[in-house]
Each structure stands twice: as C-alpha cells, then as structure tokens.
Amino acid sequence: HRDRSVRSYTVSYFGLLAERRGLFEEKVGSAADTPAGLYEELDAAHQLGLSIQNFRAAVNDEFVPWNHPLAAGDRIAFLPPMSGG
C-alpha cells in the first residue's frame, strides 16, 4: 500500500502561478507522493486554476514527469510556459 504519511516539501512557483499564489516559495506538508498529487492539493487550497497540461514540474532542479515519486525534503518547482518578448 501507499505510504500516506505527511512529508515536508519546498515548493517554488513561477510566472502566473507565483502571481496567483502571491508568493514565490513556501514549505508545505503533504501526503502527496507525486508532483501531480501535490499540485492538485495546492490548487484545491489556493485556487491556482491551471491544468497540469499547461506547465511543467521540476524536482530538485530536474524536469520530471508528473507521476515522479517524491521524497521528504524534495524541492518542487512548478513552471508555466515562458512567454517570449
């Protein structure tokens, strides 16, 4: 069975997500074990309003698939598409 214990993560937000969250980084406690699950929790709590199809996740500075397993202490970044200019 899945381990549903709460782990501590550092979450970084970029672009529109940072604007909607009102901050660039925070520590969160979550039982989520993938970036997709973590984003789902954060979206429900803070109405971030973007679909995961619209941006990417990085764990410990490496782009990862949305189902990448998370470990306590991981740094997760949510990066919307960069606009040119």
Rounded to the nearest 0.5 Å, what separation is found between the CG atom of Asp43 and the CZ atom of Arg20? 9.0 Å
Tell me the closest heavy-atom pair linking Arg7 and Ala31, and the distance in Å. NH2-O, 3.6 Å
His46 NE2 to Leu17 CG distance, which is reported to the nearest 0.5 Å: 12.0 Å
Other residues, nucleotides, ligands: >12 heavy atoms within 6.0 Å of Glu26 CD: yes
Would Val28 end up clustered with Leu23 when hydrophobic side chains under 4.5 Å apart are linked, directly or stepwise? yes
Those residues at least two apart in sequence (or on a different chain) that pass side chain to side chain contact (heavy atoms under 4.5 Å, CB included) with Phe63 are Arg56, Ala58, Leu79
Would Val6 and Leu38 show up in the same hydrophobic cluster when neighbours are defined by side-chain heavy atoms closer than 4.5 Å? no
Taken to the nearest 0.5 Å, the spacing of Asp33 CG from Asn67 CG works out to 10.0 Å
Residue list, ring pair (Phe, Tyr, Trp, His ring centres under 6.0 Å) with Tyr39, at least two apart or on another chain: Phe55, Phe78
For Asn54, check side chain to side chain contact (heavy atoms under 4.5 Å, CB included) against everything at least two apart and list the hits. Ser51
How many angstroms lie between CG in Leu42 and OG in Ser30, if you round to the nearest 0.5 Å? 7.0 Å
Counterpart residues, side chain to side chain contact (heavy atoms under 4.5 Å, CB included), relative to Ala45 (two or more places apart): none
When you group the ILVMFWY residues by side-chain heavy-atom contacts below 4.5 Å and let the links chain together, are Phe24 and Val11 in the same group? no
Any donor-acceptor N or O pair under 3.5 Å, side chains Tyr13, Glu19: no
Walk me through it: do Arg21 and Leu48 pass the test side-chain contact (heavy atoms from CB on, under 4.5 Å)? CA-CA 7 Å; Arg21 182 63 188 98; Leu48 298 172; 3.9 Å; yes
Let me check something: do Ile52 and Ile76 share a hydrophobic cluster, defined by ILVMFWY side-chain heavy atoms less than 4.5 Å apart, either directly or through other members? yes
Hydrophobic clusters here meaning ILVMFWY residues chained together by side-chain heavy-atom distances under 4.5 Å, can you tell me if Val64 and Phe14 are in one? no
What residues, two or more places apart in sequence or in another chain, satisfy side chain to side chain contact (heavy atoms under 4.5 Å, CB included) together with Glu25? Thr10, Ser12
If we ignore hydrogens and angles and just use 3.5 Å, is the side chain of Tyr9 paired with the main-chain N or O of Ala71 as donor and acceptor? no
Return the set of residues passing salt bridge (charged side-chain N to carboxylate O under 4.0 Å, His left out) with Arg75 (not counting sequence neighbours), or none when no residue passes. Asp61
Looking only at non-hydrogen atoms, find the nearest pair between Pro65 and Pro35 and report the distance. O-CG, 4.2 Å
